[in-house]
There are 2 protein chains.
Amino acid sequence: MSMNERPLKSNEWVAQKLHLKLTSGELSPGDKLPSVVDLAAEYGVGRSTIREALSALKAKGLLDIRQGGGTYVKAPPDEPAFAQEAWLDRADSLLQLLDVRKVLETGCAALAAKHRSEADLEALDATLNEMADRLDDEIFGEQADVRLHEQIAGATHNPMLMELMKTLSERLHESMRDTRSLWFYAEHRSASRLLDEHRSIVSAIRGRDEALASSRMGQHLAKVEQVLRDKTGIL
Amino acid sequence: MSMNERPLKSNEWVAQKLHLKLTSGELSPGDKLPSVVDLAAEYGVGRSTIREALSALKAKGLLDIRQGGGTYVKAPPDEPAFAQEAWLDRADSLLQLLDVRKVLETGCAALAAKHRSEADLEALDATLNEMADRLDDEIFGEQADVRLHEQIAGATHNPMLMELMKTLSERLHESMRDTRSLWFYAEHRSASRLLDEHRSIVSAIRGRDEALASSRMGQHLAKVEQVLRDKTGIL
DNA sequence: TAGATCAGGTCGTCTGATGACTTTGCTTTG
DNA sequence: CAAAGCAAAGTCATCAGACGACCTGATCTA
């Protein structure tokens with residue numbers, strides 16, 4: 001029954017929805033949007049509301065509205081990547097990047113313990129099992145690692161944290177591209193130990209123990225950082 | 001020659017006119033614009049046209065439109081139009097916003113405990129003393145509160161965290177602009193209790209006790225959230 | 001005095017009507 | 001047959017009236 005507890009005004013809501021379709025690639029530059037009337041029907045709002053949303057997106061340079069012709073997706077203003085994530089550019093060093101990661105990941109672990117659903121647990125288990133099955137596959141191991149941390153962020157069911165983690169993770173991997181790669185999974189022993197740590201984190205999330213999940217994640221990241229320190233000169 | 005004489009659409013024309021008044025200083029940050037009805041009369045167009053123009057300017061971050069309250073000129077964004085923080089728009093609800101805040105602030109508290117300098121401590125103490133001296137000044141109390149949390153973020157010496165906190169904090173206050181205001185400092189008792197909590201957090205930071213600083217910050221925010229829940233219906 | 005109530009101002013949205021412009025497909029014409 | 005002409009449909013642009021939601025400040029009441 002409690003269907004509408006929307007903190008956002010309808011026009012903002014529509015604008016966000018459309019903005020998502022633009023950035024997520026569901027709509028590509030050059031594509032034509034449905035007519036105002038159709039959009040109004042689709043989102044269950046009036047035409048004025050749609051027009052306000054479109055005007056806002058147009059003001060941001062995302063849309064091209066042609067009278068009588070329709071509404072089209074404009075080519076992104078060239079440098080979206082740079083300006084978009086301004087906060088990331090504040091990083092003076094990899095060390096700071098890792099600190100932010102620690103903050104976000106421990107927080108995610110705690111929130112995941114609080115909000116995780118059964119489906120989240122299943123997904124986490126599946127990833128853990130895959131990791132166990134292919135302990136010696138270095139490339140796969142790293143991908144699964146990334147995926148596991150993504151899933152933990154996903155288990156918070158908080159879109160902002162997921163976005164933040166995703167962006168940070170990309171930047172982190174980019175920063176370490178040269179040095180990181182596979183050293184981490186080079187030994188069976190390391191991979192095995194990592195798996196144990198991951199399991200214990202997931203276990204805490206399963207048990208809904210926020211503090212434990214957070215601290216285990218913290219310790220895990222500290223160890224990763226330590227290895228990074230020992231095996232490479234980048235810190 | 002440039003045949004750029006295509007007649008501007010009314011809404012664009014109005015948006016340009018208003019934009020000029022903003023950038024030319026004829027309207028300064030904080031100023032209140034005429035009502036939609038008045039603007040419509042002034043420019044000889046319909047209300048929808050005015051609203052589309054306002055929506056566009058709002059999308060560019062130039063205006064603050066408050067339902068029932070009027071339209072106000074926003075402080076010009078430091079980083080011009082393009083420094084939009086995409087991650088913030090992912091928020092579906094105030095609850096999620098508060099969760100992110102908890103993650104960031106507890107993390108900041110821990111990192112502040114690790115990295116704080118003597119100068120940071122002095123600044124924190126100064127703010128605490130001011131809060132103590134003016135326990136009954138509600139407006140000042142709130143400003144000092146914001147400042148204290150900013151200083152804690154600053155004590156991490158991590159520009160990314162400072163940026164994230166600043167952006168989040170602005171958004172949070174905007175979201176709660178309506179309901180928050182001064183209820184929190186309305187009673188001497190509340191202000192006094194808050195001061196104690198803040199002192200204990202700073203104390204943990206001084207002692208370089210990361211875990212303690214983090215948990216105290218967490219408890220502090222939980223209490224704030226509880227008050228928010230009790231005193232207002234917005235959660 | 002503190003809280004409840006009320007009224008006026010203002011934003012938020014829907015809707016029907018009308019005009020302007022673009023696209024498209026069909027028809028006319030050389 | 002092909003090109004020009006034309007009419008209809010599709011779509012954006014704008015207006016005006018009506019209502020609801022929300023904020024503020026003044027008034028009333030316990």
Side-chain angles (χ1 to χ4, degrees), chain A residues 2-18 30-59 62-74, chain B residues 3 5-18 30-59 62-74 94 138-139 173-183 186-189 231-234:
Chain A
S2 68
M3 109 142 263
N4 260 343
E5 178 243 322
R6 59 176 132 166
L8 264 57
K9 310 278 178 273
S10 295
N11 64 21
E12 295 173 335
W13 177 71
V14 172
Q16 278 191 19
K17 281 285 197 194
L18 290 175
D31 285 358
K32 181 179 178 180
L33 270 67
S35 74
V36 171
V37 179
D38 291 344
L39 284 173
E42 178 178 345
Y43 289 102
V45 300
R47 301 193 307 283
S48 349
T49 303
I50 295 294
R51 280 191 59 77
E52 282 188 36
L54 293 181
S55 284
L57 294 177
K58 175 187 166 189
L62 299 172
L63 292 181
D64 184 14
I65 306 180
R66 308 171 194 162
Q67 174 171 181
T71 305
Y72 296 82
V73 180
K74 214 182 212 176
Chain B
M3 49 330 189
E5 274 316 290
R6 108 178 127 122
L8 280 168
K9 310 279 182 282
S10 303
N11 63 25
E12 293 173 336
W13 176 71
V14 172
Q16 275 190 20
K17 282 284 197 189
L18 289 176
D31 285 358
K32 180 178 181 180
L33 270 66
S35 76
V36 172
V37 179
D38 291 345
L39 283 173
E42 178 179 347
Y43 288 102
V45 299
R47 295 192 301 284
S48 340
T49 304
I50 295 294
R51 280 192 58 77
E52 282 186 36
L54 294 183
S55 284
L57 294 178
K58 175 188 166 190
L62 298 172
L63 291 182
D64 185 14
I65 306 181
R66 310 173 190 169
Q67 175 168 6
T71 304
Y72 297 80
V73 180
K74 216 183 212 176
L94 183 54
E138 305 166 0
I139 298 177
H173 278 223
E174 189 192 331
S175 285
M176 304 197 299
R177 182 198 336 106
D178 318 326
T179 34
R180 81 159 197 283
S181 108
L182 305 166
W183 49 262
E187 307 172 65
H188 188 89
R189 192 167 57 242
K231 294 229 179 182
T232 79
I234 63 176

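Letters A, B, ... mirror the listed sequences (proteins, then strands); counts begin at 1. What's counted below: heavy atoms across the whole structure, side chains too, no hydrogens, waters or symmetry copies.
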task: Would you indicate, yes or no, if C:dG12 has its OP1 or OP2 atom less than 4.0 angstrom from a side-chain nitrogen or oxygen of A:Asn11?
output: no
- line: When rounded to whole Å, the OH to P distance for the pair B:Tyr72 and D:dC23 reads 12 Å
field: A:Ser10 side chain near C:dG12 phosphate (N/O to OP1/OP2, under 4.0 Å)
entry: no
- request: Kindly say if A:Thr71 contacts the phosphate of D:dC12, meaning a side-chain N or O under 4.0 Å from OP1 or OP2.
  value: yes
- prompt: A:Ser48 near the nucleic acid: base, sugar-phosphate alone, or nothing, with a heavy-atom cut-off under 4.0 Å?
  reply: base
message: Heavy atoms within less than 4.0 Å of DNA chain C: which residues of residues 30-43 of chain A have one? Give them sorted by number.
response: none
- prompt: Rounded to the nearest Å, what distance is computed from the CG atom of residue A:Asp64 to the P atom of nucleotide C:dT22?
  reply: 13 Å
- prompt: Do A:Asp64 and A:Lys58 touch side chain to side chain, with heavy atoms closer than 4.5 Å?
  reply: no
query: For A:Thr49 and C:dG12, is the shortest distance between a side-chain N/O and OP1 or OP2 below 4.0 Å?
result: no
- prompt: Can a salt bridge be assigned to the pair A:Glu12 and A:Lys17 using a cut-off of 4.0 Å between side-chain N and carboxylate O?
  reply: no
- request: Report which part of the nucleic acid A:Arg66 touches: base, sugar-phosphate, or nothing (heavy-atom distance under 4.0 Å, all strands).
  value: sugar-phosphate
Donor/acceptor link under 3.5 angstrom from A:Arg47 side chain onto base of C:dG16: yes
task: Determine yes or no for a side-chain-to-main-chain donor-acceptor pair under 3.5 angstrom, with A:Ser55 supplying the side chain and A:Arg51 the backbone.
output: yes
message: Categorize B:Gly68 for me: base, sugar-phosphate, or nothing, with a 4.0 angstrom heavy-atom threshold over every strand shown.
response: base
